Amino acid sequence: MDNSSESPATTLNSNNGGEPIMEEHKPKQVVIMGPTGSGKSRLAIDLATHFPIEIINADSMQVYQGLDVLTNKVPLYEQNGVPHHLLGTVSSDVEFTAKKFRDSAIPIISDILSRNRLPVIVGGTNYYIQAVVSSFLLDESVEDMSETYSRDHPGTEQTNHMPDILGDSCNYNYDLLKELDPVAANRIHPNNHRKINLYLSLYARSGVLPSKLYQGKAAENWGRVDNSSYRCCFICIDAALPVLDQYVEHRVDCMIDAGLLDEVYDIYNRNANYTLGLRQAIGVREFENFLQAYFSDRMDDEMSDSSDETLLKLSTRIDDKLFKENIRGILISSCDNPQKVMLEEAIDKVKANTRRLVRRQKRRVNQLQTLFGWNISYVDATEYISKKSDECWAVQVVGPAVKMIRSFLNKDDSNGQTLDGESKTSTDTVQRDLWTQYVCKACGDRILRGAHEWEQHKQGRGHRKRMLSLRKSQSSSPA
């Protein structure tokens with residue numbers, strides 16, 4: 001590793017005390033973000049030839065054990081000896097929230113800094129990154145929020161105000177939340193079951209409407225880096241959407257060849273909760289209908305009438321290896337039987353959902369800039385992705401990123417890179433409307449949260465095409 005151009009002893013700051021840190025003494029860290037398929041992990045590993053770094057994974061699915069192909073974890077032999085943290089370390093059936101990520105990452109960051117090395121947070125899960133770099137985490141656990149309310153309102157007893165709705169953690173009820181607290185309901189999507197349950201649980205424990213806690217000062221502080229414990233160099237790898245779309249579709253095909261179907265087969269359980277843990281990953285739920293039909297066609301009458309307990313013993317009674325080979329055979333078969341059609345439809349859904357993920361990630365990075373004033377520097381990987389040229393990668397991605405980080409590490413401490421006056425001003429002038437829900441009738445009752453997301457949606461190509469088509473149909477209709 002060549003560290004001759006950087007001296008960790010002079011460029012990295014570590015905090016050894018528990019007192020508030022002055023700006024010039026805040027420890028530095030690098031954050032690499034961007035949409036899936038842009039090359040975040042590769043860039044981070046390549047940076048190790050220029051700086052003494054350790055990588056902290058900030059991908060909400062890669063933190064889990066298992067599904068290494070589907071979640072696109074960097075294999076050990078490609079890590080080039082660079083230490084990786086929070087990569088495949090969490091049990092697959094637990095909910096690893098942003099708060100848990102923060103509580104796990106901060107001690108790791110402190111340890112890295114204590115060894116005079118540079119922490120590099122890498123991932124596309126922006127709410128994980130927000131949880132670490134912002135001093136205020138909006139969606140704390142129910143216990144913490146209830147404790148905060150009790151502390152601020154002494155003498156208030158915590159009682160269960162809704163004893164009938166929380167017996168089953170899977171019993172989500174968006175309509176009930178809308179009835180209890182329409183302001184809070186407008187802040188989240190009706191399909192965000194985890195947060196619906198969080199809000200209902202908060203009310204059940206404290207009797208306090210979630211919107212009362214989340215609005216006001218809480219909403220003002222959420223996501224800001226003004227009072228962060230760190231100084232961050234934010235680098236976003238980006239690329240043109242058509243190029244990313246084509247690449248992620250190709251990557252799904254490569255994952256199929258690398259064993260994705262075997263992984264999905266191994267994790268399949270028809271009674272599993274697909275809203276928790278690793279099963280939330282894109283590429284799992286999409287195959288559920290196919291696998292249900294696949295097993296149903298191969299079970300004998302005794303098995304089809306068996307109990308769930310017997311079904312759980314399926315792997316002891318059926319040759320799993322043969323079943324996996326049969327699935328691959330279905331995919332490459334020349335005849336278009338119903339099973340092959342279902343399997344191909346599942347793969348197409350994985351590709352479509354991955355493309356949607358790319359767009360969400362791009363929007364969220366933009367929101368971090370426009371809503372929260374993050375000073376994000378961009379590198380463009382479009383040409384590298386389209387040409388697969390190592391020269392393009394080195395010149396257009398690695399080179400600029402190294403220059404940005406070197407400037408960040410050597411910058412005069414009095415000029416906080418992420419805290420300049422321009423960023424603060426831009427943040428203050430943006431309307432941080434996160435509590436109004438908009439519904440786009442033209443786009444099939446699509447739900448948008450906040451004025452910023454609504455304005456972005458209206459400017460999108462899909463929305464404009466639908467509106468143009470709608471206006472044409474209205475103008476051609478007889479009066």
Side-chain angles (χ1 to χ4, degrees), residues 34-42 44-45 55 57-79 84 86-96 101 122-125 128 244-295 315 320-321 323-332 340 342-361 385:
T36 186
S38 58
K40 299 182 293 296
S41 297
R42 179 179 179 180
I45 292 170
I55 295 172
N57 167 58
D59 183 292
S60 62
M61 294 297 107
Q62 290 185 2
V63 298
Y64 291 109
Q65 301 165 2
L67 295 184
D68 292 354
V69 172
L70 188 147
T71 59
N72 202 40
K73 292 189 182 77
V74 180
L76 186 62
Y77 67 88
E78 291 184 6
Q79 295 176 15
H84 283 63
L86 296 179
L87 183 67
T89 59
V90 179
S91 175
S92 62
D93 57 354
V94 303
E95 181 71 2
F96 199 66
F101 175 80
V122 183
T125 305
Y128 272 16
L244 276 174
D245 284 345
Q246 186 176 13
Y247 174 69
V248 296
E249 289 192 3
H250 172 70
R251 192 169 75 171
V252 171
D253 291 332
C254 292
M255 288 177 175
I256 297 293
D257 294 338
L260 183 150
L261 294 176
D262 290 353
E263 290 186 343
V264 173
Y265 175 96
D266 288 334
I267 201 174
Y268 172 70
N269 182 337
R270 71 174 186 177
N271 297 316
N273 182 353
Y274 284 88
T275 66
L276 296 175
L278 186 57
R279 287 187 171 85
Q280 298 174 88
I282 294 174
V284 177
R285 188 64 179 266
E286 291 86 346
F287 291 96
E288 184 181 17
N289 290 339
F290 165 77
L291 288 171
Q292 284 180 349
Y294 181 74
F295 283 121
S315 60
D320 285 340
K321 183 178 179 180
F323 264 37
K324 292 175 183 177
E325 290 176 354
N326 287 340
I327 293 176
R328 290 191 290 271
I330 291 171
L331 186 60
I332 64 175
K340 182 179 180 181
M342 290 184 69
L343 184 54
E344 290 178 337
E345 287 176 348
I347 295 172
D348 287 342
K349 286 180 182 178
V350 175
K351 293 177 179 179
N353 288 337
T354 305
R355 292 195 302 268
R356 293 188 186 100
L357 173 63
V358 168
R359 284 153 177 76
R360 287 198 304 271
Q361 290 171 323
I385 295 173

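Values in this document were obtained by computation on a predicted structure and should not be read as measured data.
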> Between G66 and T71, what is the shortest heavy-atom contact and its length?
Replying inline: O-OG1, 4.2 Å
>> Please determine whether the number of non-hydrogen atoms from other residues, nucleotides or ligands lying under 6.0 Å from atom CD of Q246 exceeds 12.
In response: no
> What residues, two or more places apart in sequence or in another chain, satisfy side chain to side chain contact (heavy atoms under 4.5 Å, CB included) together with E325?
Replying inline: K321, L322, R328
> If every non-hydrogen atom of Y247 is compared with every non-hydrogen atom of G37, which pair is closest and at what distance?
Replying inline: CE2-O, 3.3 Å
> With side chains defined as the heavy atoms from C-beta onward, is the minimum distance between L331 and I347 less than 4.5 Å?
Replying inline: yes
> Going through the checks in order, is the side-chain contact (heavy atoms from CB on, under 4.5 Å) test met by D245 and R359?
Replying inline: CA-CA 10 Å; D245 284 345; R359 284 153 177 76; 2.7 Å; yes
> If you measure only the distance, is there a donor-acceptor pair under 3.5 Å linking the side chains of R251 and T354?
Replying inline: no
> What are the two closest heavy atoms between V122 and A44, and how far apart are they?
Replying inline: CG2-CB, 3.5 Å
> Looking at NZ of K40 and CD1 of I55, how far apart are the two atoms once the value is rounded to the nearest 0.5 Å?
Replying inline: 12.5 Å
> With sequence neighbours left out, what residues match F96 under ring-ring contact (aromatic ring centres under 6.0 Å, His included)?
Replying inline: none
> For D93, which residues count as a salt bridge (Lys or Arg N to Asp or Glu O under 4.0 Å) partner, sequence neighbours excluded?
Replying inline: none
>> Among residues at least two apart in sequence or on other chains, which ones pass ring-ring contact (aromatic ring centres under 6.0 Å, His included) with F290?
In response: Y294
>> Donor-acceptor pair, distance only, cut-off 3.5 Å: does the side chain of R279 make one with the backbone of I267?
In response: yes
>> Would you compute the distance between atom CG of L67 and atom CD of E263 and round it to the nearest 0.5 angstrom?
In response: 5.0 Å
>> Set out, in order, the CA-CA distance, both residues' side-chain angles and the distance that settles side-chain contact (heavy atoms from CB on, under 4.5 Å) for L343 and L261, then state yes or no.
In response: CA-CA 10 Å; L343 184 54; L261 294 176; 4.1 Å; yes
> Got I45 and H84 here, is their nearest side-chain heavy-atom distance under 4.5 Å?
Replying inline: yes
>> A side-chain contact here means heavy atoms from C-beta on lying under 4.5 Å apart; do V350 and L70 qualify?
In response: no
> How would you list all residue pairs meeting side chain to side chain donor-acceptor pair (under 3.5 Å) that involve residues 57-66, not counting sequence neighbours?
Replying inline: S60-T125
> Distance from F287 atom CZ to L260 atom CG, nearest 0.5 Å?
Replying inline: 5.5 Å
> Would you call the rings of F295 and Y265 parallel, tilted or perpendicular, where under 30° means parallel and over 60° means perpendicular?
Replying inline: tilted
> Under the salt bridge (Lys or Arg N to Asp or Glu O under 4.0 Å) rule, what pairs show up with a residue in residues 347-357, not counting sequence neighbours?
Replying inline: E249-R355, D253-K351
>> Rounded at 0.5 Å granularity, tell me how far OG in S41 sits from NZ in K73.
In response: 11.5 Å
> Any side-chain heavy-atom pair from R360 and T36 closer than 4.5 angstrom?
Replying inline: no
> What's the spacing between R285 CZ and Q280 CD if we round to 0.5 Å?
Replying inline: 11.0 Å
> Can you tell me how far CG of D68 sits from CG of L87, rounded to the nearest 0.5 angstrom?
Replying inline: 8.0 Å
